[in-house]
Amino acid sequence: SSVMYYRLKQINLDGNYNYSNIVRLTYNQKAIVNSLVYPNPTQGVITLVIGDKGLIGTNAVLFDENGRLLETIKITANSQSIQMGKYLNGVYFIRLSNKEAIRIIKQ
């Protein structure tokens, strides 16, 4: 729904409580959902979960901490596995085509 209502319940130390006034929120824009990677830190395989479904069909790039391009990854689904086991331990970054960057630690 694009309309939501909320109110707060404040509980005092003596156990008494009060409610705030009810507030109405109207959302006119799509919620922005960031992509994520897990497990992070990783020892091998990571799962990339795409927040923006418009990224499916685009390419992501994997860089090391020095900015060297290591791999181009075709985004084919909302969630996909990426093999990190072939890389040395360190910090890596995945950059998506919407300019979103995700930091990964390989242990």
Side-chain angles (χ1 to χ4, degrees):
S1 172
S2 63
V3 177
M4 302 180 107
Y5 299 90
Y6 78 93
R7 68 178 177 175
L8 301 176
K9 179 180 181 181
Q10 178 183 339
I11 302 173
N12 301 325
L13 294 175
D14 63 6
N16 291 321
Y17 59 89
N18 296 315
Y19 288 103
S20 70
N21 293 330
I22 296 173
V23 177
R24 177 183 173 182
L25 296 177
T26 304
Y27 295 100
N28 294 327
Q29 297 180 348
K30 291 191 314 184
I32 298 172
V33 179
N34 291 328
S35 301
L36 62 95
V37 168
Y38 68 89
N40 194 9
T42 186
Q43 294 180 356
V45 178
I46 58 171
T47 300
L48 173 63
V49 179
I50 300 301
D52 177 1
K53 292 180 184 13
L55 292 172
I56 296 173
T58 64
N59 289 327
V61 287
L62 177 67
F63 293 97
D64 66 11
E65 64 187 334
N66 295 317
R68 288 182 292 221
L69 175 64
L70 302 175
E71 188 175 344
T72 300
I73 303 154
K74 179 77 171 181
I75 305 298
T76 59
N78 253 9
S79 175
Q80 66 189 75
S81 297
I82 300 170
Q83 179 55 253
M84 296 292 295
K86 59 188 169 188
Y87 300 114
L88 298 174
N89 292 348
V91 177
Y92 297 88
F93 297 92
I94 292 179
R95 169 134 350 238
L96 303 173
S97 64
N98 67 353
K99 306 298 183 212
E100 192 175 352
I102 303 168
R103 183 175 181 250
I104 303 160
I105 299 172
K106 165 75 171 49
Q107 297 180 329

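Model, not experiment: these values are computed from the prediction.
- Among pairs with a residue in residues 35-45, those fulfilling side chain to side chain donor-acceptor pair (under 3.5 Å) read Ser35-Glu100, at least two apart in sequence or across chains.
- With contacts defined as side-chain heavy-atom distances shorter than 4.5 Å, the pair Asn34/Ile102 does not qualify.
- Between Leu55 and Ser97 there is a side-chain heavy-atom pair separated by less than 4.5 Å.
- Scanning all heavy atoms of the two residues, the minimum distance from Ser81 to Thr47 falls at OG-OG1, 4.2 Å.
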Acceptor/donor pairs from residues 65-73 side chains to any protein atom, 3.5 angstrom cut, sequence neighbours excluded:
{"from": "Arg68", "atom 1": "NE", "to": "Asp64", "atom 2": "OD2", "distance (Å)": "2.7"}
{"from": "Arg68", "atom 1": "NH2", "to": "Asp64", "atom 2": "OD2", "distance (Å)": "2.8"}
{"from": "Glu71", "atom 1": "OE1", "to": "Tyr87", "atom 2": "OH", "distance (Å)": "2.7"}

Check the pair Asn78, Ile56 against side chain to side chain contact (heavy atoms under 4.5 Å, CB included), reporting the backbone distance first and the verdict last. CA-CA 7 Å; Asn78 253 9; Ile56 296 173; 3.5 Å; yes
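- Here the CD1-CD1 distance, from Ile104 to Ile82, works out to 6.5 Å after rounding to the nearest 0.5 Å.
- The minimum heavy-atom distance linking Lys106 with Leu88 is given by the pair CG-O, 3.5 Å.
- Under the 3.5 Å distance criterion, with hydrogens and angles disregarded, no donor-acceptor pair is assigned to the side chains of Asn59 and Lys74.
- Nearest heavy atom pair, residue Ile75 against residue Ala60, reads CD1-CB, 3.9 Å.
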Test side chain to side chain contact (heavy atoms under 4.5 Å, CB included) on Met84 and Leu62 and set out the steps. CA-CA 10 Å; Met84 296 292 295; Leu62 177 67; 3.9 Å; yes
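- With hydrophobic clusters built from ILVMFWY side chains whose heavy atoms lie under 4.5 angstrom apart, Tyr6 shares a cluster with Met4.
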May I have the step-by-step check of side chain to side chain contact (heavy atoms under 4.5 Å, CB included) for Asn21 and Arg7, ending in yes or no? CA-CA 6 Å; Asn21 293 330; Arg7 68 178 177 175; over 6 Å; no
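- The CZ atom of Phe63 sits 11.0 Å away from atom CD1 of Ile94, with the distance rounded to the nearest 0.5 Å.
- Although no hydrogens or angles enter the test, the distance criterion places no donor-acceptor pair under 3.5 Å between the side chain of Asn12 and the main chain of Asp14.
- Of the candidates Ile22, Leu25, Val23, Tyr5 forms a side-chain contact (heavy atoms from CB on, under 4.5 Å) with just one, namely Ile22.
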